[in-house]
Amino acid sequence: MAAFETVIGLEVHLQLNTRTKMFCRCRNHFGDAPNTNVCPVCLGMPGSLPVINETAVRYARQAGLMLNCAVAQFSKFDRKNYFYPDLPKAYQISQYDLPLCGKGHIDVEMDGGTRRFGITRVHLEEDAGKLVHDGHGGGSLVDLNRSGTPLLEIVSEPDMRSPDEAHAYLVTLKQLMSYLDISDCNMEEGSLRCDANVSVRPAGQAAFGTKVEIKNMNSFKAVQKALAYEVRRQIAAIEAGQTIVQETRLFDANSEKTVSMRTKEQAHDYRYFPDPDLVPMTFTAAEIETLKAQLPERPAVRRERFAAQYGISAYDAGVLTAEKPLADYFEAAISAGMSGKAAANWIINNLMAELNAAHRSITDCPITPAHLAELGALIEGNVISGNIGKQIFPEMFNTGKAPEEIVNEKGLVQITDSAEIDAWVNEAIARNPDVIESLKAGKGKAAGKLVGAVMQMSKGKANPALVNERIRHILIETHGLDA
Ligand code: ADP
Ligand code: ZN
Ligand code: MG
């Protein structure tokens, strides 16, 4: 049996989160009543004229720069002609031969190394409306709220060699685009969509095999599964002496299989031509440089900086830079005076757990970075113990109150009065006579029982360092032990 090599290229569509649509002033918003965000332009009325959304164009160029693409100085929109009931103009405004961004690449970390995948192009287009098929007595209804909303298409080179690489590519791409805050990038909700192209060829063969395009996946895992199934299907077909036909197939999430949707013979001829209603877009080299200089720090770069600058582990730095708002929160806590290590520990060990449990995101976190830093300062300054800090943390989260306010309300200020602590130590020794016996017998660890007893008597408020110190002192001075 000959060994086969897998070849994969991905086409990703991102819904851009601009306030208005691509060529008109209608609201670009999901979830409104059907056909409420529409006007003559996005309804495709004859004689209406489109106007380019400048923000969408900037987003596309930023995305291109983030993907190391060559940003075009001259670009235009073209009409892609086809008929479908969700497309009132009978053409989609897209880009054909002069996209906003040309070749680039994306560096993907996997299995401890880095893989570089080529980007073919990044272009802008408009989305179509939506057909609603169910619940209307058999007929289909058309909702044109989505008609004319901005879509960014990112096309990769056929550079991936396994479904795992395709998955890793998508994760990295999503992270990079999320850092720009130009899209929700949510595949389950449809703001990120992915068509996967895949072929196989005998190992060592230079020419690519015939590709198949797969659609209808609603998660990165589904893309991975669809590709894995398709690779198995193609290899089995070739080994059975069949030829692969170029076609589009649909992934069925239940059976985890792909089924044929249309073949090349049924493919459209789109009769692309330049849109005469839209002026070409020009961009100077200086403008490109300015936009480049304003890009956010890339997640991988930020991760390495966090580890080096704040002395935290590479793993923690990775967790903190997974999403830009989380990384921003971390640095805001540091700006408010917290040490990097303390901020990392509190965020990763405590804050993220609270956020998960409450199904909230960091962008609507009830604990402000300033409050987190204040909590750190209370512990650093020995006003409260670390344990009391952990105790009040859920209340900080649930109420949004400043830690100092909670500490004062509950009388949780740490006890650092040695006379008060000495009294508890003496009582702990009196209540636990076995400890002295054990210590005399050389079992040094027995003193831990005294620490526990004192902390319990003080309801956790005694300063632990001072408790240890006073226990030592009293054991030596009063009981003649050199513990
Ligand atoms: P089409 O003309 O069918 O749109 P393109 O050449 O534009 O095809 O490529 C579309 C996508 O398919 C790209 O992401 C590209 O990397 C990928 N692709 C092209 N050829 C192959 C192939 N033989 N195997 C796998 N993927 C491919
Ligand atoms: Zn409109
Ligand atoms: Mg193509």
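Model, not experiment: these values are computed from the prediction. Order of appearance sets the numbers: ligands from 1, and atoms from 1 within every ligand.
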Using the ring centroid of each side chain, check whether Phe23 and Phe77 are separated by less than 6.0 Å.
yes
Which of the ligand 1 atoms, numbered from 1, are nearer than 4.0 Å to a heavy atom of Glu157
16 (O)
I want to check a possible cation-pi pair here: Arg79 against Phe273, using under 6.0 Å from ring centre and within 45° of the ring axis as the test.
no
Under a 3.5 Å cutoff, is there a donor and acceptor pairing between the side chains of Gln95 and Ser75?
yes
How large, to 10°, is the angle at the Zn ion (ligand 2) when you draw lines to SG on Cys24 and to SG on Cys39?
110°
May I ask you to check if ligand 1 and Ser156 share an N or O to N or O distance below 3.5 Å?
yes
What atoms of ligand 1 come closer than 4.0 angstrom to any heavy atom of Val7?
24 (N), 25 (C)
Pull out every atom of ligand 1 sitting under 4.0 Å from any heavy atom of Leu10, numbered as shown with elements.
14 (O)
Tell me whether Lys80 forms a cation-pi arrangement with Tyr270, defined as NZ or CZ under 6.0 Å from the six-membered ring centre and within 45 degrees of its axis.
yes
Please find out if less than 6.0 Å separates the ring center of Tyr310 from that of Phe330.
yes
Find all atoms of ligand 1 within a distance of less than 4.0 Å from any non-hydrogen atom belonging to Phe208, and give their numbers and elements.
23 (N)
Would you mind finding which of Met160, Arg121, Lys211 brings a heavy atom closest to atom 20 (N) of ligand 1?
Lys211
Consider every N or O of Gly209 and every N or O of ligand 1, then say whether any pair is closer than 3.5 Å.
yes
Surrounding NZ of Lys225 (heavy atoms of other residues, nucleotides or ligands, distance under 6.0 Å), is the total greater than 12?
no
Quick one: look at Asn197 and ligand 1, take heavy-atom pairs under 4.0 Å, and tell me if it's side chain, backbone, both or neither.
both
Angle subtended at the Zn ion (ligand 2) by SG of Cys26 and SG of Cys42, nearest 10°
110°
Short N or O distance, Gln246 and ligand 1, threshold 3.5 Å exclusive:
no
For ligand 1, which atoms have a heavy atom of Val155 less than 4.0 angstrom away?
13 (C), 14 (O)
Looking at Phe283, does the NZ or CZ of Arg61 lie under 6.0 angstrom from its six-membered ring centre and within 45 degrees of the ring axis?
yes
Would you find more than 12 non-hydrogen atoms of other residues, nucleotides or ligands less than 6.0 Å from Arg25 atom CZ?
no
